[in-house]
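Sequence lines set the chain letters: A, B, ... in the order given, protein chains first and strands last, and positions in each chain run from 1. The figures that follow rest on heavy atoms only: side chains count, while hydrogens, waters and symmetry mates do not.
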Amino acid sequence: MTKAMRVVRSLETVYPDARCELNFESAYELLIATMLSAQSTDKRVNIVTKELFKEYNTAEKMVTLSEQELIEWIRTIGFFNTKAKHILQTSHILLQKYDGQVPKSREELVTLPGVGRKTANVVLSNAFQIPAFAVDTHVGRVSRRLGLTKSEDPNVVEKDVTSKLPKYLYSKAHHLMIFHGRRCCKAQRPLCDECVVLQECSYYKESQKSKNKKVRRKDSK
DNA sequence: AACTCGGGGCA
DNA sequence: TGCCCAGAGTT
């Protein structure tokens with residue numbers, strides 16, 4: 001049993017319902033919702049997509065919207081200008097190259113405008129049940145504090161953590177670390193008193209060691 | 001590696 | 001007011 005597996009087992013007891021919090025009913029809906037969620041919150045994305053997907057829940061329907069019309073739909077979400085453009089471009093490509101379907105490989109997904117490493121992995125694991133470990137700011141920070149990686153590069157973090165996990169735990173580990181990062185292992189003022197993986201945490205050990213010195217700010221930005 | 005895009009929520 | 005939010009693209 002690796003350290004990463006022990007972490008998953010412990011976090012599971014605290015966040016038994018950890019899961020993707022975006023509302024979706026198809027791979028296309030999840031793809032669009034995930035694109036919208038970048039640097040935003042799932043709660044706000046769900047408010048927008050609840051209405052948007054009633055009319056525009058496929059690539060074919062989405063491209064009937066003009067860029068300005070789509071911007072009006074998503075105006076309450078940050079980066080709406082770029083996101084509207086990317087959503088329409090991606091929808092056109094889906095129609096031209098993939099018969100309107102969402103491709104099921106990371107290589108194909110990341111070629112779509114507005115789809116990066118993280119979005120691709122979220123779609124693969126949550127829409128297609130393909131093992132994938134998506135690294136966002138929370139997952140990266142939690143992984144580094146626990147000592148599962150030392151890298152700031154999300155690609156390296158992904159490699160380091162997945163090398164210590166069986167594939168069937170990739171998605172679960174991803175969701176558990178996000179929940180933990182948001183509710184306990186926060187960027188500022190982490191709630192170490194309430195943490196169930198404190199024994200595994202190199203960040204905590206360091207902060208104890210240098211209690212009278214300046215606490216490391218590397219992961220507190 | 002370091003920018004830029006960006007409105008809304010919250011202290 | 002200032003800081004943060006389940007990132008991606010460009011230089």
Side-chain angles (χ1 to χ4, degrees), chain A residues 8 11 15 17-24 27 29-52 67-68 70-91 93 102-103 106-128 130-145 150-158 161-162 170-191 217-221:
Chain A
V8 169
L11 292 181
Y15 315 109
D17 54 349
R19 58 181 172 78
C20 177
E21 293 192 321
L22 291 169
N23 294 330
F24 66 97
E29 288 190 4
L30 178 60
L31 174 64
I32 302 304
T34 308
M35 291 172 73
L36 288 173
S37 77
Q39 293 299 100
S40 187
T41 61
D42 288 5
K43 207 169 294 181
R44 194 175 314 144
V45 170
N46 283 338
I47 293 172
V48 169
T49 57
K50 183 180 179 186
E51 298 302 319
L52 177 65
E67 196 172 314
Q68 275 307 315
L70 183 51
I71 286 175
E72 288 309 314
W73 274 99
I74 66 176
R75 181 169 284 285
T76 59
I77 297 177
F79 305 125
F80 56 81
N81 225 323
T82 307
K83 285 175 181 174
K85 188 172 296 179
H86 285 163
I87 287 171
L88 291 177
Q89 288 175 344
T90 285
S91 296
I93 294 174
V102 178
R106 174 162 168 168
E107 292 71 29
E108 291 172 303
L109 281 166
V110 296
T111 66
L112 300 169
V115 181
R117 174 203 74 259
K118 188 259 175 181
T119 299
N121 277 0
V122 167
V123 170
L124 289 174
S125 71
N126 292 292
F128 300 131
I130 296 172
F133 184 74
V135 178
D136 57 31
T137 56
H138 295 301
V139 175
R141 181 181 67 252
V142 171
S143 298
R144 281 188 294 278
R145 285 181 174 172
K150 293 180 179 177
S151 177
E152 299 280 342
D153 181 345
N155 288 305
V156 178
V157 174
E158 178 180 348
V161 178
T162 54
Y170 286 3
S171 179
K172 180 173 286 294
H174 161 72
H175 290 119
L176 286 172
M177 286 190 183
I178 287 176
F179 270 57
H180 189 56
R182 292 188 62 182
R183 298 172 189 189
C184 178
C185 194
K186 301 190 284 188
Q188 293 94 0
R189 298 174 164 279
L191 311 177
R217 295 294 179 191
K218 192 177 176 186
D219 274 324
S220 301
K221 54 183 175 180

Whole-Å distance between C:dG7 P and A:N121 CG?
-> 13 Å
Whole angstrom value for the distance that separates C1' of C:dA6 from CZ of A:R141 | 11 Å
Looking only at atom C1', what distance separates C:dG2 and B:dG6, rounded to whole Å?
-> 15 Å
May I ask you to evaluate whether A:R182 reaches the phosphate of C:dA6, defined as a side-chain N or O under 4.0 Å from OP1 or OP2?
-> yes
Please write out the pairs of protein N or O atoms and N or O atoms of nucleotides 8-11 of chain C separated by less than 3.5 Å, giving the distance to one decimal.
from, atom 1, to, atom 2, distance (Å)
C:dA8, OP1, A:G116, N, 3.2
C:dA8, OP1, A:T119, N, 2.9
C:dA8, OP1, A:T119, OG1, 2.4
C:dA8, OP2, A:K118, N, 3.4
C:dG9, OP1, A:G114, N, 2.9

Under 4.0 Å: is that the gap between some side-chain N or O of A:T137 and OP1 or OP2 of C:dA6?
-> no
Backbone N or O of A:G78 within a donor-acceptor pair of the A:K83 side chain at under 3.5 Å?
-> yes
Interface limits on DNA chain B, where chain A has a heavy atom under 4.0 Å of a nucleotide atom = B:dC5 to B:dG9
Do any of residues 70-78 of chain A sit with a heavy atom less than 4.0 Å from DNA chain C, and if so which?
-> none
Rounded to whole angstrom, note down the P distance from B:dG8 over to C:dA8.
-> 22 Å
Using a strict cut-off of less than 4.0 Å between a Lys/Arg side-chain nitrogen and an Asp/Glu carboxylate oxygen, indicate whether A:K43 and A:E21 qualify as a salt bridge.
-> no
Partner residues of A:H86 under the side chain to side chain donor-acceptor pair (under 3.5 Å) criterion, sequence neighbours left out = none
Within the distance-only criterion (no hydrogens, no angle test), does the side chain of A:H175 pair as donor or acceptor with the backbone N or O of A:A18 below 3.5 angstrom?
-> no
Calculate, to the nearest 0.5 Å, the distance between atoms CG and CG belonging to A:L109 and A:L31 respectively.
-> 7.0 Å
Residue-phosphate contact under 4.0 Å: A:Q39 side-chain N/O, C:dC5 OP1/OP2 | no
A:S171: side chain to side chain donor-acceptor pair (under 3.5 Å) partners, not counting sequence neighbours = none
Just how far, in rounded Å, is C1' of C:dC5 from CG of A:N46?
-> 14 Å
Separation of C:dC5 P from A:K186 NZ (nearest whole Å) | 10 Å
Value in whole Å for how far the C1' atom of C:dA6 lies from CZ of A:F79 = 14 Å
Spacing of A:K83 atom NZ relative to C:dA6 atom C1', expressed in whole Å = 11 Å
Which value, rounded to the nearest 0.5 Å, describes the distance between A:L30 atom CG and A:M35 atom CE?
-> 11.5 Å
Atom CG of A:L31 and atom C1' of C:dG7 are separated, to the nearest Å, by 14 Å
A:V156/A:K150 under side-chain contact (heavy atoms from CB on, under 4.5 Å): CA gap, chis, key distance, verdict = CA-CA 9 Å; A:V156 178; A:K150 293 180 179 177; over 6 Å; no
Separation of A:R183 atom CZ from C:dA6 atom P, in whole Å?
-> 11 Å
Calculate, to the nearest 0.5 Å, the distance between atoms OG1 and CZ belonging to A:T49 and A:F24 respectively.
-> 11.0 Å
Backbone N/O of A:R117 and side chain of A:N155: donor-acceptor pair under 3.5 Å = no
With distance as the sole test, does A:T111 use its side chain to make a donor-acceptor pair with the main-chain N or O of A:E108 at under 3.5 Å?
-> yes
Contacts of A:H180 that satisfy side chain to side chain donor-acceptor pair (under 3.5 Å) - sequence neighbours left out = A:Y15
B:dG7 versus C:dT10 - spacing of their C1' atoms, nearest Å = 22 Å
Given the C1' atoms of C:dC4 and B:dC5, what is the spacing between them in whole Å?
-> 15 Å
